[in-house]
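Encoded as structure tokens, the structure appears first; notes follow it.
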Amino acid sequence: MTHSSRPNLPEAGWKFDNSYLRLPESFYVRMNPVPVRMPTLVVFNAPLAQSLGLNPEVLQGDDGAAVFAGNRLPEGAEPLAQAYAGHQFGHFTILGDGRAILLGEQMTPEGERIDIQFKGSGRTPFSRNGDGRAALGPMLREYIISEALYALGIPTTRSLAVVTTGEQVRRETPLQGAILTRTAASHIRVGTFEYAAARGKPDEIRALADYTIQRHFPDLGSSDNPYLALLDAVMARQASLVSRWLLVGFIHGVMNTDNMALCGETIDYGPCAFMDAYDPSTVFSSIDHNGRYAYGRQAQIAQWNLARFAETLLPLIHENMQEAIAMATEAVTGFADSFRQYWLAGMRTKLGLLNQEADDGALVDDLLDCMQRHGADYTNTFRDLASGSAPEASVFQTPDFMQWYERWQARLERQPEEREVSRRLMKASNPAVIPRNHLVEEALDAAVERADYSVMQKLLGFLSQPFNDPPDVEGYHLPAPPSAQPYRTYCGT
Ligand code: AMP
Ligand code: MG
């Protein structure tokens, strides 16, 4: 099959301006997605399409299937595979888009520049031994969880469409092939800088750094030391992002440096999942044997990744290497404090605290310790606290919890505002609905095994309003029923 020469319907609304192509050529390989046999559009995100300036009516039918499969290129697309490297579980590797193609950058009606990328669109020069393809289940999983994070107000890449390809992908068993269209503020990763540094060409690192500043931090261009300022700005976004993950119980699962985007969006939904019972050592990923990416280690790992980023910037930060190292080290060392501040500010809102007291950190830490001792559900504990009346759940009847509860009540009494103000803040900060693992699996099972997308659509509906209480009978707020099997996630292969 070849790319159709028929021009794309103009009313689809594509408006590409592909600035990535203006980087040195070593950063990408121009190539088209590999066409597929029989594309079917199975999920389409109409509100996202609209916000991108695209016309859902044009893209929802067969035309959309052909476009989102890569069989027909939208007007203005200049497809490429990005080059990058990365530390995977601590080990440096040259990677690149092995199964992704960047179509280009869509200019939205709001004047934003958004990457449109296919995932699962065929082999590229970076594919190594991979087939360049993706299976339906993992692409739907990325769709569900990325859209859930978006609704929770957490910066993230988003999911525009999923098509099935009508082709099989071979994993342990044959699976249905699929392509996800994802959108992102950009796909510049820590690993993109590591790739540039590994090539040892200072001009290329500078070009990438200048491009990143222009695209994501334009105000820094006029700083005294724009590259040190870039490091600080990227660190602040990561400190904020990872604190938000922790605040909702999210575990990314594979925080390799190639999966850390400099724009500060959550990227690469492979083995990610939400924690049920609070336990910082929680790991779901089947390949994370040592708990490197456990829930409670995410801030530390982010800092480790940022140290790798800082290393790539050293030649730009100062001409004297010793000076550069001293400046970068000071910056990276500050990450732990910066993270803790973002996190504590978030925890204050979760507990309805409207001002600051010196003991707030201890109050939060003691609550978490208590939750861990009793295996309390992370999400529901906070939601119960937000309910306003003394919670009835059995965990709240334990002496240590009751003692903590009195302390918290006394703390709330000391602030001048009405209780109602705290309650409203808590309701808006503590989700009632998260993508519970068993609910996600149910939705995927219906879609993949029976081509029934209604379960997923219904789940997406509740996930899109996570701070509203779902009807009790629906069970969307309940943790998984006790099961003998611990939940396991797999990288999206
Ligand atoms: P990830 O674990 O998804 O971050 O992927 C790590 C690297 O492996 C990236 O360079 C991917 O492009 C590549 N990769 C993952 N799956 C495949 C596949 N099926 N075919 C080719 N490359 C892949
Ligand atoms: Mg990745």
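Whatever order the structure lists ligands and atoms in, that order sets their numbers, starting from 1. Every value quoted in this text rests on a predicted model; they were computed, and no experiment measured them.
Closest heavy-atom approach to atom 19 (N) of ligand 1 within the set Asp131, Ile287, Ile267, Thr124: this belongs to Asp131. Selection from Gly96, Gly86, Pro271 by nearest heavy atom to atom 10 (O) of ligand 1 gives Gly96. The nearest non-hydrogen atom to atom 17 (C) of ligand 1, considering only Lys119, Arg99, Glu142, comes from Arg99.
At least one heavy atom of Tyr84 sits less than 4.0 Å from an atom of ligand 1. Within the structure, ligand 1 has Gly132 among the residues with a heavy atom less than 4.0 angstrom away. Proximity of Gln88 to ligand 1 is established by a heavy-atom distance of less than 4.0 Å. Put simply, no part of Val254 is less than 4.0 Å from ligand 1, judged by heavy atoms.
Below 3.5 Å of separation, one finds no N or O of Phe126 facing any N or O of ligand 1. At under 3.5 Å, a nitrogen or oxygen of Arg133, whether backbone or side chain, sits near a nitrogen or oxygen of ligand 1.
Residue Asp131 forms a salt bridge (Lys or Arg N to Asp or Glu O under 4.0 Å) with just one option from Arg99, Arg171, Arg170, and that option is Arg171.
Partners of Gln457 according to the side chain to side chain donor-acceptor pair (under 3.5 Å) rule, which considers only residues two or more places apart in sequence or in another chain, do not exist here.
Residues Arg133 and Gly122 approach most closely at NH1-N, 3.4 Å, considering heavy atoms. Here the closest heavy-atom approach between residue Ala331 and residue Asp232 is recorded as CB-OD1, 3.7 Å. Contact detail for Tyr293 and Gly253: the closest heavy-atom pair is CD1-O, 3.4 Å.
Inclusion of Asn259 in the first shell of the Mg ion (ligand 2) is supported: an N, O or S atom falls under 2.8 Å.
Atoms of ligand 1 found under 4.0 Å from any heavy atom of Arg171 (numbered from 1 in listed order, with element): 19 (N). Those atoms of ligand 1 with a heavy atom of Asn259 less than 4.0 angstrom away are 4 (O). Close approach of ligand 1 to Asp258 is summarised as follows: ligand atoms under 4.0 Å from at least one heavy atom of the residue are 4 (O).
Ion pairing of Arg436 with Asp377 is present here, as a side-chain N (NZ or NE/NH1/NH2) and a carboxylate O approach within less than 4.0 Å. The pair Asp288-Arg297 fails the salt-bridge criterion, with no side-chain N (NZ, NE, NH1 or NH2) lying under 4.0 Å from an Asp/Glu carboxylate O. Taking the charged nitrogens against the carboxylate oxygens, Arg113 and Asp17 do have a contact shorter than 4.0 Å, which makes a salt bridge.
A side-chain donor-acceptor contact under 3.5 Å links Asn259 to the backbone of Val254.
With a heavy-atom cut-off of 4.0 Å, Arg189 does not touch ligand 1 at all.
If you look at Asp268 and ask which of its N, O or S atoms sits nearest the Mg ion (ligand 2), the answer is OD2.
Contact annotation: the side chain of Ile101 never approaches that of Asn32 to less than 4.5 Å [non-hydrogen atoms, C-beta and beyond].
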